[in-house]
Amino acid sequence: MAEQRRSRGALGGTVGVLAAMAVGVAMLRGSGSGSETDAGTEAATTTPTATATVAPSLAAVAPGSAGDDGGAGTRPAPGAPYCGSSRYVEEITLQRWAGGDFRISVWPTEEARHADDRDAASAEIWQAVQGCVGGVDPAVAESLQDQLRCHESLALVPGRGGEEYATGDSFDVESWRPTPGRRRWISTRCGNNLGTDPTSAPLATERPDGIPPQHRASGEHA
């Protein structure tokens, strides 16, 4: 699968869980698999990968003035960005790079990590992301959603090196990663080894609703 850097844009059943954890733990503890197909994952679904250079756009990129919710989830006026707490989300932050690349970090609630219907939880988290950062270019949104679904599906996989979860504390999705697709969620570590990471530090870490971040972004995890 061709990997293209996405840049130059502004941000615009329990059984299933246990199966995902078993496969995830095997990979995360040293399998090092790079195969095109991941044994033990769900039935393959074809996920198109954008191969052309794209220009992601995000409708709401400037910090707003929604007032300080203090992380308590107070809602702003209708139509204003909101990046605070909800059923499955504690907080959402945005990191931006000079070339237009960006990373969205979602701190999931315990309810999100233990959700029975992970597809539904992923969809609700994605709605929260859109409510925070705005509308993303479809070519970029496809990859972001797939990365997010992977993180939510593997949310209970134990971490290493003292970390409780393999995802880290947050689900981190990046604009420059090609869509990994469900068949390669494990071998690509939710897409984390796809694409070319920025070599510079991000310009800023912020909440588009103008509230100071309550969490510190720590970068990508498995």
Side-chain angles (χ1 to χ4, degrees), residues 4-12 47-50 52-109 112 119-152 170-179 190-191 195 197-198 201-217 219-220:
Q4 296 291 330
R5 182 182 181 85
R6 295 188 172 105
S7 60
R8 298 287 319 162
L11 294 180
T47 307
T49 300
T53 300
V54 297
S57 62
L58 201 59
V61 295
S65 56
D68 189 356
D69 73 352
T74 302
R75 297 281 178 173
Y82 177 70
C83 308
S85 64
S86 59
R87 179 184 181 186
Y88 291 134
V89 173
E90 291 184 1
E91 183 177 44
I92 300 169
T93 63
L94 170 67
Q95 288 180 299
R96 296 183 293 176
W97 277 261
D101 291 327
F102 62 90
R103 172 187 289 136
I104 299 171
S105 295
V106 178
W107 277 265
T109 62
D119 287 336
S122 296
E124 192 167 322
I125 294 171
W126 178 247
Q127 289 181 339
V129 167
Q130 291 179 302
C132 172
V133 303
V136 185
D137 183 280
V140 176
E142 180 184 21
S143 176
L144 298 179
Q145 286 184 275
D146 200 53
Q147 293 175 58
L148 183 60
R149 284 193 295 265
C150 179
H151 288 310
E152 171 62 19
S170 59
F171 298 163
D172 304 298
V173 298
E174 292 88 9
S175 65
W176 58 85
R177 305 208 185 281
T179 304
C190 291
D197 295 351
L203 294 175
T205 300
E206 60 193 5
R207 280 177 49 164
D209 60 2
I211 307 302
Q214 306 296 307
H215 297 81
R216 180 178 180 178
E220 194 59 271

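The shown structure was predicted, so the numbers you read here are calculated from the model rather than taken from an experiment.
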Test item: side-chain donor near acceptor, Asp146 and Thr179, under 3.5 Å: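 There is no such pair between these side chains.
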Output yes when a side-chain donor or acceptor of His215 lies under 3.5 Å from a complementary backbone atom of Glu91, and no otherwise.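 A pair under 3.5 Å: no.
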Do the side chain of Ser175 and the main chain of Asp101 share a donor and acceptor less than 3.5 angstrom apart? no
Separation between [atom1] of [X] and [atom2] of [Y], rounded to the nearest 0.5 Å:
X      : Y      : atom1 : atom2 : value
His151 : Cys190 : NE2   : SG    : 5.0 Å
Ile125 : Tyr88  : CD1   : OH    : 8.0 Å
Ser86  : Gln127 : OG    : CD    : 10.0 Å
Arg149 : Leu144 : CZ    : CG    : 10.5 Å
Ser122 : Phe171 : OG    : CZ    : 7.5 Å
Ile211 : Cys83  : CD1   : SG    : 8.5 Å

Considering all heavy atoms of both residues, which atom of Val136 and which atom of Ala141 are nearest to each other, and what is their separation?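 Scanning both residues completely, I find the closest heavy atoms to be CG1-N, 4.0 Å.
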Heavy-atom pair with the smallest gap, counting every atom of Cys132 and Pro81: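 Closest pair (atom of Cys132, atom of Pro81, distance): O-CB, 3.5 Å.
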Sole candidate of Arg103, Glu174, Glu206 that passes side-chain hydrogen bond (donor to acceptor under 3.5 Å, both in side chains) when paired with Gln95: Arg103
Which residues share a ring pair (Phe, Tyr, Trp, His ring centres under 6.0 Å) with Trp97, sequence neighbours left out: Trp176
Counterpart residues, side-chain hydrogen bond (donor to acceptor under 3.5 Å, both in side chains), relative to Thr109 (two or more places apart): none
For Asp197 and Arg177: C-alpha separation, side-chain torsions, deciding distance, then whether salt bridge (charged side-chain N to carboxylate O under 4.0 Å, His left out) applies. CA-CA 9 Å; Asp197 295 351; Arg177 305 208 185 281; 3.1 Å; yes
